[in-house]
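The next block holds one structure in the form of structure tokens; read it before the comments.
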Amino acid sequence: MKITENGKNTLINELKDFDLEQTLECGQCFRFYKLDKEEYVIVAKNKMLHIKQDENQLIFYNTSKEDVENIWINYFDLDRDYNEIKEYLLKKDNKLESAIKEKYGVRILNQDFHEVLISFIISQNKQIPQIKQVVKRISEQYGEYLGDVNGEKYYSFPNPEKLGEITEEAFREMKSGFRAPYLYDASQKLASGEINEELFANLNEEDGRELLKSIKGVGDKVANCVLLFGLGYRNAFPIDVWIKRIMEAIYFGKETSKEEIQKFASNHYGEYGGYAQQYLFCFGRDAKIGTKTDKKKKSDNKK
DNA sequence: TCCCAGGTAGATC
DNA sequence: GATCTACATGGG
């Protein structure tokens with residue numbers, strides 16, 4: 001991986017194990033806007049980033065080398081050896097082989113804790129495009145203007161202090177539905193500092209999860225997403241409808257409780273549970289594994 | 001019209 | 001404890 005400046009832009013060359021589209025479009029973040037193939041505007045870390053991938057090169061438009069080195073390398077998790085992760089997982093069994101091959105370029109983003117918490121509270125019982133809509137509304141109304149690309153304006157996700165100003169009613173008006181009281185509770189706890197990132201420094205996965213679950217509307221699944229995507233707990237293994245279906249299809253062959261899947265994942269994948277989950281989620285959701293469409297396809301094939 | 005969505009809280013047994 | 005259901009909103 002080599003970083004060079006090119007006028008106003010900064011380039012990273014010799015990328016390995018990275019694909020921008022796969023990383024953004026696999027449901028871990030919600031502030032990305034597609035401009036073209038492998039070209040996006042991303043809002044994160046209080047910044048707006050116009051970025052494009054061209055084979056093994058990443059182009060950061062209007063971005064300094066300092067920002068790439070200090071912010072974006074970490075955000076995209078580019079300073080981690082994913083080859084080692086893949087080898088570890090493939091050594092466990094061959095079930096992950098097609099997922100890792102197909103989704104070779106997925107990385108787990110290092111996002112801001114408060115944004116992940118709010119975003120995944122919204123995510124419950126909602127589809128990804130709709131989650132994006134609500135997060136966008138919150139940002140437009142309570143975030144700061146960051147700039148525009150092609151005439152489209154972009155706003156930061158509000159910081160914890162600003163989140164504390166949003167009433168339950170206001171959350172409802174932004175179409176968060178029944179999640180409004182949950183969002184209000186989380187925002188108040190973030191603003192007051194009752195819940196803050198530093199608290200997790202001395203907590204293991206289990207204790208961290210319990211702390212998160214003290215927030216209304218945060219259960220096991222949302223807590224695990226926050227641990228994995230916002231707090232760096234790479235062993236967290238969120239189980240949603242997709243992961244449940246996928247795990248049942250490739251490991252169990254029958255309907256299996258979340259508790260049982262959780263135990264299995266913890267024993268089987270260990271410290272790399274989060275990566276396994278992400279490869280499986282991206283791959284399985286694309287292939288619609290375990291859904292009606294998938295089952296129909298299989299029965300059609302038998303004919 | 002009905003069903004489902006990266007679930008969770010509260011009720012009921 | 002394990003299951004059942006209501007919860008807003010939007011799209012297929």
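Just so you know, these numbers come straight off a predicted model, no measurement behind them. Just so we're on the same page: letters track the sequence lines, and every chain starts at 1.
- For the side chain to side chain donor-acceptor pair (under 3.5 Å) test, residues two or more places apart in sequence or in another chain that qualify with Glu248(A) are Lys244(A).
- Comparing dC4(B) with dT5(C), their C1' atoms are spaced 16 Å from each other, to the whole Å.
- For the pair Lys213(A) and Gln28(A), both in contact range of DNA chain B, the more 5′-proximal nearest nucleotide belongs to Gln28(A).
- Listed by first and then second residue, the ring pair (Phe, Tyr, Trp, His ring centres under 6.0 Å) pairs that reach into residues 197-216 of chain A are Phe113(A)-Phe200(A), sequence neighbours excluded.
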Nucleotide by nucleotide, 5' to 3', does protein get under 4.0 Å of the base (B), only the sugar-phosphate (S), or neither (-) in nucleotides 5-12 of chain C, counting heavy atoms? --BBBB--

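- Here the P atom of nucleotide dA2(C) and the CD atom of Glu255(A) are 15 Å apart, to the nearest Å.
- Rounded to whole Å, the separation between the C1' atoms of dA6(C) and dC3(B) comes to 16 Å.
- Rounded to the nearest Å, the gap between the P atom of dG10(C) and that of dT8(B) is 22 Å.
- At a non-hydrogen distance threshold of 4.0 Å, Gln277(A), Gln278(A) from residues 269-280 of chain A come into contact with DNA chain B.
- Atom C1' of nucleotide dG6(B) and atom CZ of Phe283(A) are separated by 18 Å, given to the nearest angstrom.
- The side-chain contact (heavy atoms from CB on, under 4.5 Å) with Phe76(A) is formed by just one residue from the set Leu20(A), Leu15(A), Val68(A); it is Leu20(A).
- Nucleic acid contact for Gly27(A): base, since at least one base atom lies under 4.0 Å from a heavy atom of the residue.
- The interatomic distance linking Phe120(A) (CZ) with dA5(B) (C1') rounds to 14 Å, in whole Å.
- Tyr272(A) meets the side chain to side chain donor-acceptor pair (under 3.5 Å) test with Glu84(A); sequence neighbours excluded.
- Rounded to a whole Å, the NZ atom of Lys216(A) is 17 Å from the C1' atom of dG7(B).
- Rounded to whole Å, the distance from CZ on Phe229(A) to P on dG6(B) is 13 Å.
- Atoms CG (Asp185(A)) and C1' (dT8(B)) sit 13 Å apart, rounded to a whole Å.
- With sequence neighbours excluded, the residues satisfying side chain to side chain donor-acceptor pair (under 3.5 Å) with Tyr33(A) are Arg31(A).
- Between the C1' atom of dT8(B) and the NZ atom of Lys221(A) lies a distance of 12 Å, rounded to the nearest Å.
- Here the side chain of Thr10(A) pairs a donor or acceptor atom with the backbone of Thr63(A) at under 3.5 angstrom.
- Using a 30° and 60° split on the angle between ring planes, Phe157(A) and His114(A) fall in the tilted class, from 30° to 60°.
- A straight line from CH2 of Trp242(A) to C1' of dA5(B) spans 10 Å, rounded to a whole angstrom.
- With sequence neighbours left out, Glu173(A) forms a side-chain contact (heavy atoms from CB on, under 4.5 Å) with Glu169(A).
- Counting any heavy atom pair closer than 4.0 Å across all strands shown, Cys26(A) reaches a base atom.
- In this structure, Val134(A) reaches neither bases nor backbone, as no heavy-atom distance under 4.0 Å exists between it and the strands shown.
- Considering only residues two or more places apart in sequence or on other chains, Lys47(A) meets the side-chain contact (heavy atoms from CB on, under 4.5 Å) condition with Asp67(A), Ile71(A), Trp72(A).
- For Tyr61(A), there are no side chain to side chain donor-acceptor pair (under 3.5 Å) partners two or more places apart in sequence or in a different chain.
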